[in-house]
**Q** 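The structure's right below; bear with me while I get my questions together.
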Amino acid sequence: MSKDQSSFFNDVYDVVRLIPEGRVTSYGAIAKYLSIGRAARMVGWAMNAAHGQDPPVPAQRVVNRNGLLTGKHHFESPYTMQELLESEGIKIENDQIINFKNHFWDPNTELTL
DNA sequence: AAGGTGACAGTTT
DNA sequence: TAAACTGCCACCT
């Protein structure tokens with residue numbers, strides 16, 4: 001990944017960076033916001049390249065629809081994601097966000113419409 | 001150029 | 001009820 005100016009990746013990063021601190025969202029919500037419909041997989045794929053991005057992308061705030069930290073393994077350390085979220089006031093147990101729905105932040109609802 | 005991949009989601013068996 | 005399958009779309013080899 002050298003010169004990925006792909007609007008898609010950049011767009012995903014932009015949305016993720018808009019996630020307020022202490023909030024989390026799902027891949028599907030981002031996908032829908034990007035008009036890619038159910039291609040939530042692509043969001044995850046985009047996050048795969050989110051490492052080393054500047055400004056940094058709070059990928060820890062992006063989890064699957066179950067509130068499960070599926071991508072924790074992609075961080076520097078499997079515990080990094082959880083620690084970051086806990087640092088923002090989000091409680092996590094067994095890699096799952098507690099009261100996920102309460103912390104859920106939907107770009108379609110919070111940003112647009 | 002074609003096929004395979006991927007940090008998901010929704011539907012059906 | 002839980003488990004399995006398919007659909008999704010862009011990126012990579």
Side-chain angles (χ1 to χ4, degrees):
Chain A
M1 318 298 191
S2 302
K3 46 133 185 118
D4 50 318
Q5 293 292 327
S6 304
S7 43
F8 178 74
F9 276 38
N10 209 296
D11 207 9
V12 175
Y13 301 150
D14 188 35
V15 177
V16 175
R17 286 189 288 237
L18 288 174
I19 302 174
E21 199 170 290
R23 297 279 187 176
V24 289
T25 189
S26 65
Y27 301 94
I30 297 172
K32 187 172 185 176
Y33 180 77
L34 296 178
S35 302
I36 56 179
R38 298 157 189 160
R41 304 173 139 207
M42 273 283 63
V43 179
W45 183 254
M47 304 310 306
N48 195 10
H51 291 284
Q53 289 299 321
D54 179 54
V57 180
Q60 70 274 12
R61 294 178 188 154
V62 184
V63 296
N64 67 355
R65 196 191 164 318
N66 295 311
L68 192 69
L69 281 59
T70 52
K72 67 170 188 175
H73 200 277
H74 288 256
F75 279 74
E76 304 172 39
S77 201
Y79 301 95
T80 306
M81 189 172 187
Q82 181 171 337
E83 288 186 19
L84 286 170
L85 289 172
E86 287 181 337
S87 181
E88 296 183 0
I90 298 176
K91 302 292 165 49
I92 301 173
E93 185 173 306
N94 195 12
D95 297 334
Q96 184 175 340
I97 296 175
I98 297 178
N99 203 355
F100 170 64
K101 189 173 66 175
N102 188 24
H103 290 294
F104 186 69
W105 179 85
D106 190 341
N108 304 284
T109 303
E110 304 295 335
L111 291 178
T112 316
L113 306 180

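Convention: sequence-line order gives letters A, B, ...; per-chain numbering from 1.
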**Q** Rounded to the nearest angstrom, tell me the gap between atom CG in A:N10 and atom P in C:dC11.
**A** 12 Å
**Q** Look at all strands and tell whether A:A59 reaches a base, only sugar-phosphate, or nothing, counting heavy atoms closer than 4.0 Å.
**A** base
**Q** Can you tell me the distance, in whole Å, between the OH atom of A:Y13 and the C1' atom of C:dA10?
**A** 12 Å
**Q** NA contact type, A:R65, heavy-atom cut-off 4.0 Å: base, sugar-phosphate, or nothing?
**A** sugar-phosphate
**Q** Among C:dC12, B:dA7, C:dG7, which nucleotide sits nearest the side chain of A:R41?
**A** C:dG7
**Q** Take atom CG of A:N108 and atom C1' of B:dA9, then tell me their distance rounded to the nearest Å.
**A** 15 Å
**Q** Dump the intermediate steps for side chain to side chain contact (heavy atoms under 4.5 Å, CB included) on A:V15 and A:L34, then the final yes or no.
**A** CA-CA 9 Å; A:V15 177; A:L34 296 178; 3.9 Å; yes
**Q** Strictly distance-based, threshold 3.5 Å: is any side-chain N or O of A:Q53 a donor or acceptor partner for the main-chain N or O of A:A49?
**A** yes
**Q** Taking atom C1' of B:dA7 as reference, at what distance in whole Å does atom CG of A:L69 sit?
**A** 10 Å
**Q** Please report, rounded to the nearest Å, how far the P atom of C:dA10 is from the CG atom of A:N48.
**A** 17 Å
**Q** Give the nucleotide from the list C:dC8, C:dC9, C:dC11 with an atom nearest to the side chain of A:F9.
**A** C:dC11
**Q** OP1, OP2 of C:dC9 versus side-chain N and O of A:R38: anything below 4.0 Å?
**A** no
**Q** State which of B:dC8, B:dA7, C:dC12 makes the closest approach to the side chain of A:M47.
**A** B:dA7
**Q** Phosphate oxygens OP1/OP2 of B:dC8: is one of them under 4.0 Å from a side-chain N or O of A:S26?
**A** no
**Q** Taking NZ from A:K32 and C1' from C:dG7, how many angstroms apart are they, rounded to a whole number?
**A** 16 Å
**Q** NE2 of A:H51: more than 12 outside heavy atoms within 6.0 angstrom?
**A** yes
**Q** For A:F8 and C:dA10, what is the distance between atoms CZ and P respectively, to the nearest whole Å?
**A** 7 Å
**Q** Reckon A:G37 touches a base, only the sugar-phosphate, or nothing at all at heavy-atom distances under 4.0 Å?
**A** nothing
**Q** What nucleotide, of C:dC12, B:dC8, B:dA7, holds the atom closest to the side chain of A:N64?
**A** B:dC8
**Q** Using 4.0 Å as the upper bound for N to carboxylate O, is an ion pair formed by A:E110 and A:R23?
**A** no
**Q** What is the distance from CE of A:M42 to C1' of B:dA7, rounded to the nearest Å?
**A** 11 Å
**Q** Is there a donor-acceptor contact under 3.5 Å from the side chain of A:S77 to the main chain of A:T80?
**A** no
